[in-house]
Structures are given as structure tokens and as C-alpha cells.
Amino acid sequence: MSHAPPVPVLTIDGPSGSGKGTISALVAEHLGWRLLDSGALYRAVGYAAGMAGLDLSDVEAVTRCAHSTKIQFRAATDGGATRVVVNGHDATDELRTETAGAAASAIASMPSVREALVALQLGFRKSPGLVADGRDMGTVIFPDAAFKVFLTASAAERAKRRYKQLKEKGLSVTLGGLQREIEARDSRDASRAVAPLKPAEDALLIDTTGMGIDEVVAKVLAVVQP
Ligand code: C5P
């Protein structure tokens, strides 16, 4: 009996602003692999719950919402970033805000919400390979991944990067406010009981403080293609 080898997975975990999103997209493109932006799933559920007027601390209601929310990723027609469609509405821009990040972080601490999103995430593992971006990709969702990376950067540097990103999108934010929000979200993500933000034991840690995008991409690619 012959068994097909498992589809290879590269997990890229880390806190917000560590550059995960940008790096994951570039590495996936380079390898010709699929991309799972798991943070977008939590953001989408938080957003859908907000749109439905749910109390974000109501575990049962939010869990039902996690099961029923229809989330689709669509290639942008203008060659730009992938669009995220939530229950038929293109919510890409709303999902990028810090408000959506905070809502995502709040509902992501609920074990039943995380459970509701497991099958969806596993479904992204398709040939020729998958780059999975998140907080628990290497520890919980794809513990058997052949390649694991954990990206970090100082909170000040991460706040600066987010500030630049959000300013470019025309959003009104302050650097100090962003850094406080990022630190609060990190500490909630790292201290939660279920799937806390922490590196897998077999992950390569890369501190990206002061590093350029190309340099980080090269380091991550070297994990897959030494
Ligand atoms: O990565 P991103 O900033 O889009 O994630 C938003 C929030 O979703 C995180 O702060 C975290 O609370 C949650 N999340 C998670 N597990 C993942 C991805 C994101 O708990 N795998």
C-alpha cells in the first residue's frame, strides 16, 4: 500500500506587527504555496458578531456566529491584497483596523470559538504546500508541520510598522496609542488559557527588529530550502 507524503506546511507565528502577514504572503508567492491568514478568520468572526449586534462576551452567541459566518478569500482584481468577504460583504478594510484586531483578540480567547475554526483552517492544507500565518499554527493547528518559524520584534518597532501601515491607508491613529493597544493585545494573547501565543518548541525564532523585509524573507525561505 502506498501513502502519499503529507502536504508540506510552513507555520509562521508571532505577535501583531512582527511582519508575519507581509512575510507570509511573500514566502507563499515565492514557493507557489497556498496562504492561510488565520488572523483574518478571527477578525471576520469578531466583525460578523459586531454587525449582528452580539455582546462579544456572550460565548454561546459568538460561538454560534463562528459556526455560521461565511468567510471567503478572493484574489483582488487590481492585483492588490487578497479581499476578505464576510457573509457576502467585502470587509477587507474594516478588518484591518485596530478595533477589529481587539474584537478578534477578545473572541479568540474562547475555546469554543477556536474549535469552530479548526476544520476550516485544516482545509487550507492542499498541494503543493501551505504557508500558515497566525499565533498557534505551529503549536495547535499544524503541530506536524515540517517547517516552523516564530517572528518577533520589539513592541516599539511593531507599533511603528503598524502606524506606517495604517497611516498609508488614511486611518487616523497615534503612535503611543497604537503601542499601548498592541501591548494590551499581546499580553491578552500570551496569557490566555487556550492556544496562547508562544513559539513551538521546534520553531526557529527570528527577531526582525531592525531587519528589512527581504532579509527576513530570505531567512524564512532558508528554513524550507536550506
Ligand atoms: O494576526 P492578526 O493581528 O490578524 O490577528 C488578530 C487576532 O486574532 C490576534 O490578536 C489573536 O487574538 C487572534 N488570533 C489567534 N490565533 C490565530 C490568529 C489570530 O488567536 N491563529
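Values below: every heavy atom of this structure, side chains too, minus hydrogens, waters and symmetry copies. Small disclaimer: the values here were computed from a predicted structure and weren't measured. In each ligand, atom 1 is the first atom listed, and ligand 1 is the first ligand listed.
Around CD1 of Ile213, the count of heavy atoms belonging to other residues, nucleotides or ligands within 6.0 Å does not exceed 12. The 12-atom threshold is not exceeded at CE of Met51, counting heavy atoms of other residues, nucleotides or ligands nearer than 6.0 Å.
Set against the non-hydrogen atoms of Ala108, the atoms of ligand 1 under 4.0 Å away are 12 (O), 13 (C), 20 (O). For ligand 1, the atoms lying closer than 4.0 Å to a non-hydrogen atom of Asp189 are 9 (C), 10 (O), 11 (C), 12 (O). Contact atoms of ligand 1 toward Met137: 21 (N) (distance under 4.0 Å to a heavy atom of the residue). Within ligand 1, counting atoms from 1 as listed, the ones closer than 4.0 Å to a heavy atom of Ser105 are 10 (O), 12 (O). Close approach to Lys20 involves these atoms of ligand 1, each under 4.0 Å from a residue heavy atom: 1 (O). If you number the atoms of ligand 1 from 1 as listed, the ones under 4.0 Å from a heavy atom of Arg192 come out as 12 (O), 15 (C), 16 (N), 20 (O). Set against the non-hydrogen atoms of Ser38, the atoms of ligand 1 under 4.0 Å away are 17 (C), 18 (C), 21 (N). Close contacts between ligand 1 and Ala104 involve ligand atoms 6 (C), 7 (C), 8 (O) [criterion: under 4.0 Å to a heavy atom].
In this structure, the side chains of Phe73 and Leu41 come closer than 4.5 Å at one or more pairs of heavy atoms. The shortest side-chain heavy-atom distance between Lys169 and Asp93 does not fall under the 4.5 Å cut-off. Side-chain contact between Pro15 and Asp189: absent, with no pair of heavy atoms (C-beta onward) separated by less than 4.5 Å.
Residue, atom and distance of the protein heavy atom nearest to atom 8 (O) of ligand 1 are Tyr42 CB, 3.6 Å. Nearest protein neighbour of atom 16 (N) of ligand 1, counting heavy atoms only, is Arg114 NH2, 3.0 Å. Closest to atom 9 (C) of ligand 1, if we only count protein heavy atoms, is Arg135 NH2, 3.3 Å. Among protein heavy atoms, the minimum distance from atom 19 (C) of ligand 1 is reached at Gly39 CA, 3.5 Å. The protein atom (non-hydrogen) at minimum distance from atom 4 (O) of ligand 1 is Arg43 NE, 2.6 Å.
Residues Lys148 and Leu10 come closest through the heavy atom pair N-CD1, 4.4 Å.
When heavy-atom distances to ligand 1 are checked against a 4.0 Å cut-off, Arg185 comes that close only through its side chain, counted from C-beta outward.
Ligand 1 lies out of reach of Gln121, whose nearest heavy atom is not under 4.0 Å from it.
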Checking side-chain hydrogen bond (donor to acceptor under 3.5 Å, both in side chains) for the pair Arg185/Ser105: CA distance, chi angles, key distance, verdict? CA-CA 7 Å; Arg185 182 140 68 93; Ser105 167; 5.6 Å; no
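A salt bridge does not link Lys219 to Glu215: none of the charged nitrogens lies less than 4.0 Å from a carboxylate oxygen. Under the 4.0 Å criterion applied to side-chain N and carboxylate O atoms, Asp136 and Arg192 are not assigned as salt-bridge partners. Note on Glu98 versus Arg162: salt bridge recorded, some NZ/NE/NH1/NH2 to OD/OE distance being below 4.0 Å.
At a 3.5 angstrom cut-off on N or O pairs, Asp37 does not count as close to ligand 1. Taking any N or O of Asp136, backbone or side chain, at least one lies under 3.5 Å from an N or O belonging to ligand 1.
Remark: the backbone N or O of Val84 is paired with a side-chain donor or acceptor of Thr92 at under 3.5 angstrom.
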